[in-house]
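The chains referred to below are lettered A, B, ... by the order of the sequence lines, with proteins before strands, and numbering in each begins at 1.
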Amino acid sequence: VGDLFDDYCHPGRGPLRNAYEEVLEKGGTPRADYTDVIDALSQLSPEDISSRAQRLARAFMDQGVTFDLDGEERPFPLDVVPRIFSEADWAQVERGVAQRVQALEAFLADVYNGGRILADGVVPPHVVTSSPGFLRAVHGVNPPNGVRIHVAGIDVIRDEEGELRVLEDNIRCPSGVSYVLANRGAMARVLPEIFWGQSIQTVNQYPPRLVQALRAAAPSGVADPNVVVLTPGVYNSAFYEHALLARLMGVHLVEGRDLVCHGTEVFLRTTEGEIPVHVIYRRVDDAYIDPLHFLPESLVGCAGLVNAARAGRVTIANAVGNGVADDKLVYAYVPAMIRYYLDEEPVLRNVETLALEDPVQREQAFRNRSKLVFKRVDGSGGKDLLLGPYASEEELDAVCAAVVRAPRQWIAQRMIALSCAPTWVEGTMAPRHVDLRPFAINDGEGIWVLPGGLTRVALQEGGLVVNSSQGGGSKDTWVLGGGPLDGLGPTRADERVIGAPRDPGPDDDAAPGRQQQQQQQAHDGVRS
Amino acid sequence: MTNALLSRVAESIFWVGRYVERAEGTARILDVLVYQALEQSTAVGDDASRRLLAVMGLPPEPDTERTLWRVTERLTNDPTSRSSIAGALHAARENARAVRHVIPVELWEQINAVWVGLPEQWAMAARSGPASYLAFVKAQVAAITGLADTTMSHDHTWLFFTLGRCLERTDVVARQLASLPFPEVTEGALVVLLRSCGGYEPYLRLAQGVVGRDRILDFLLRDRLFPRSAFASLTVAEECVAQINVGRVDEWDEARGLLGLARAELEYSSPATLSENLARRLEALQHTVSAVNDAVLRRYFAHDLPTAWRRGTGS
């Protein structure tokens with residue numbers, strides 16, 4: 001390893017000193033999967049790395065790969081050091097994520113059709129009924145192919161021991177997959193040397209897989225379903241992603257005002273009149289999707305969608321009402337769900353979680369408040385979250401008071417020092433904490449996990465919140481090995497040059513054996 | 001003032017069209033194939049490089065030297081080969097220089113500026129990969145063709161330029177298709193092909209995201225609206241020849257006849273038969289391009305030697 005990593009040292013301070021180091025072992029040797037990449041990066045000078053980092057940012061600005069922060073478009077910072085998963089580690093992520101999605105599907109189907117699991121006492125009924133994500137409006141609405149979680153983003157972290165665990169489930173509208181696609185493209189173009197000699201599984205399969213899953217979810221009897229992506233609009237922070245997915249799936253990107261319901265049929269307003277819509281991949285929250293059932297003031301949804309879905313005339317993906325299963329209190333019960341529905345042990349463990357509505361656990365949490373993380377059950381994006389070890393006494397008092405006011409709204413978790421990885425920050429390699437959001441697609445036949453996922457980095461020193469709205473960045477995430485290498489199969493077996501050589505130019509012939517003549521002609525040209 | 005154009009001028013402008021299109025086509029193919037190979041695995045770099053050479057009509061490298069980078073270099077920066085980007089752009093520039101008096105000054109300057117800018121781009125590519133080089137070529141060629149379309153009269157000069165572009169385009173599509181092992185070809189390979197023609201997204205919108213072999217073949221060979229399909233290119237080429245020949249409608253025009261037959265063959269074949277005898281069909285298509293090229297040459301550019309290239313030193 002060259003100088004680049006010489007000054008790199010593991011964070012040795014405070015509550016994060018035990019964090020697992022992803023890339024370098026103690027003593028600074030790279031882990032086996034990283035050897036080639038670290039070697040290749042070490043060939044570059046710090047100035048080179050800085051200029052490549054700038055080009056990555058520039059590439060994102062040029063492509064408009066941005067997210068919206070307080071009304072300003074910013075590139076999502078992409079780090080020069082990739083995150084690498086061995087085939088074995090990834091196999092565990094894959095199995096764990098698929099298992100979890102399967103259990104959550106079963107749970108959703110159950111709670112919206114009577115709730116066997118509640119009657120059996122595995123999940124307390126009030127946990128479900130008091131969840132803000134539990135929507136009575138969709139009780140008994142059963143999607144055509146049984147799928148409610150078409151796309152899942154299950155956040156996975158590595159704890160101090162290097163064990164992969166699930167931090168939270170996102171099964172409403174998980175975002176970030178566009179960065180997975182954009183990161184790979186930008187990295188290969190800006191840092192081709194680190195790809196050399198690697199065997200990396202492609203991420204390009206995501207859009208075709210998604211469109212195939214969405215088509216499979218169409219109402220029965222529709223041979224050629226019309227799929228659309230529903231976006232809140234160009235000012236949404238993830239608009240880039242909505243546009244990218246629509247483009248790569250070849251479907252319309254629509255806003256609520258482009259849709260209209262007549263009875264239980266949904267139509268798209270076009271220059272050719274109204275055309276029927278069968279599957280809506282919506283990136284609009286439940287509360288806004290249908291002003292008839294939910295927030296009446298919503299301008300980004302379309303009145304009548306829920307009724308159309310109930311009538312089985314349109315499929316909403318992900319299904320309305322999924323929020324009950326990614327409620328952070330319900331999270332605590334997911335391992336139990338896996339055992340209950342699938343009769344399996346969880347492949348990926350949860351993070352230890354205290355349910356603060358329970359007086360005993362609440363007391364326990366309050367006693368250890370400076371060691372725990374407090375989270376609101378419906379919070380996301382790193383908001384409504386307090387890291388005990390970094391909080392002042394006043395902040396802790398305030399959060400405890402909030403917990404006492406609404407205990408159902410809060411959970412507390414052991415603060416895990418997320419694993420860290422070398423990250424290029426201000427001209428030097430420094431350890432930064434990372435997580436991982438793998439994306440899974442359920443097409444009703446099986447659950448497919450995109451090999452890669454989004455590794456997010458907390459760019460502030462010692463930061464644990466990796467969300468893009470909190471100054472986070474990302475890393476290209478590689479899954480090594482295997483997989484059919486599509487698109488580059490051999491040429492025709494005979495390997496001969498195809499057809500006649502192209503028409504040469506007036507004095508040119510690229511055919512073999514003619515070079516001498518060409519050179520001769522060049523001479524003639526100069527002499528004449 | 002007649003439409004008459006010096007044969008030499010017409011020939012040069014025709015070749016400017018062919019060469020800039022060739023440079024763009026090569027840049028597009030490389031941009032997709034090289035990075036596809038890189039993003040996945042270099043174990044397939046070998047296959048990718050072999051296919052690149054086949055598409056470009058170049059003989060295979062000896063096994064020991066057949067690396068993706070070497071092939072990339074050969075197809076970008078080999079000024080002795082008109083199949084490389086630098087070679088094609090150099091040829092375009094030399095042809096344009098000889099006729100700079102008949103093309104708009106902006107167009108000439110654009111063509112010249114690309115050539116002048118290439119070494120700098122290559123130096124950057126040598127340091128950090130060909131992405132920026134290929135992006136530069138694509139953008140600059142688009143500027144060239146855009147200027148030709150918007151600042152030239154659509155007179156005979158423009159018609160020969162456009163005819164050259166369309167012939168080259170047809171040839172590129174036919175060659176790329178011919179490089180694939182039909183009917184065993186994978187969908188992935190077809191997606192790569194669509195992307196390298198810039199046709200991936202238009203295709204997806206047309207097919208609602210469904211990737212199907214026959215449908216892609218249909219799209220690339222005879223979509224009416226996608227400008228890089230063989231049908232669309234042939235149609236424009238045919239229109240160019242017809243306009244060049246306007247007023248002489250009674251005469252047999254070989255180029256037009258060949259283009260019309262090839263176009264009609266695509267247009268009136270049933271979708272089911274399109275993939276039958278594909279190899280023969282593609283070979284016929286390439287043959288048509290060559291034959292049209294020769295017919296145009298005989299009819300309009302007839303002279304003993306290709307004078308556009310025999311430039312003196314000014315003495």
Side-chain angles (χ1 to χ4, degrees), chain A residues 52 55 184-185 188-193 195-204 207-208 211-212 215 224-227 247-251 483-493 495-510 512 515 518-519 521 524-526 528, chain B residues 11 15 18-19 33 35-44 47-48 50-51 54-55 57-60 80-83 91 128-129 131 171 175 178-181 185-189 191-192 201 203-211 282-283 286-287 289-290 293 306 308-313:
Chain A
R52 301 296 178 92
R55 279 175 51 203
R184 183 63 53 82
R189 277 165 177 76
V190 173
L191 276 159
E193 50 270 79
F195 285 79
W196 194 237
Q198 300 286 340
S199 183
I200 307 159
Q201 297 192 32
T202 179
V203 293
N204 291 336
V211 75
Q212 181 243 330
R215 290 173 69 91
D224 189 14
N226 186 15
V227 178
R247 184 161 62 82
L248 291 178
M249 296 195 296
V251 304
L485 297 156
D486 214 8
L488 293 165
T491 50
R492 295 200 316 205
E495 241 196 83
R496 71 196 162 86
V497 175
I498 297 142
R502 286 163 194 258
D503 307 309
D507 80 336
D508 170 56
D509 195 341
Q515 268 194 348
Q518 250 181 40
Q519 281 160 357
Q521 287 205 359
D524 292 351
V526 175
S528 64
Chain B
E11 182 172 20
W15 282 103
R18 284 204 73 159
Y19 284 134
L33 217 53
Y35 286 98
Q36 176 90 354
L38 204 58
E39 282 175 37
Q40 288 192 3
S41 160
T42 47
V44 291
D47 285 333
R50 196 162 53 211
R51 211 179 114 208
V55 173
L58 294 174
T80 63
S81 161
R82 298 284 133 77
S83 290
S128 57
D171 195 48
R175 261 165 199 288
S179 77
L180 295 174
V185 63
T186 62
E187 285 178 357
V191 167
V192 167
E201 289 159 26
Y203 169 82
L204 286 177
R205 275 193 287 278
L206 204 65
Q208 280 252 320
V210 180
V211 172
L282 293 171
E283 224 158 277
Q286 291 174 61
H287 179 76
V289 172
S290 276
N293 189 76
W309 284 98
R310 297 306 195 90
R311 57 173 169 76
T313 49

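No part of A:V203 comes within reach of chain B, as not one of its non-hydrogen atoms sits under 4.5 angstrom from that chain. B:V185 does not touch chain A: none of its heavy atoms, backbone or side chain, sits under 4.5 Å away. Neither the backbone nor the side chain of A:P207 has a heavy atom closer than 4.5 Å to any heavy atom of chain B.
What you find for B:Q208 and A:N226 is that their closest heavy atoms are NE2-OD1, 3.2 Å. Taking every heavy atom of both residues into account, B:E201 and A:L248 meet most closely at OE2-CD2, 4.3 Å. Counting all heavy atoms, side chain and backbone alike, A:P192 lies closest to B:G129 at CG-CA, 3.8 Å.
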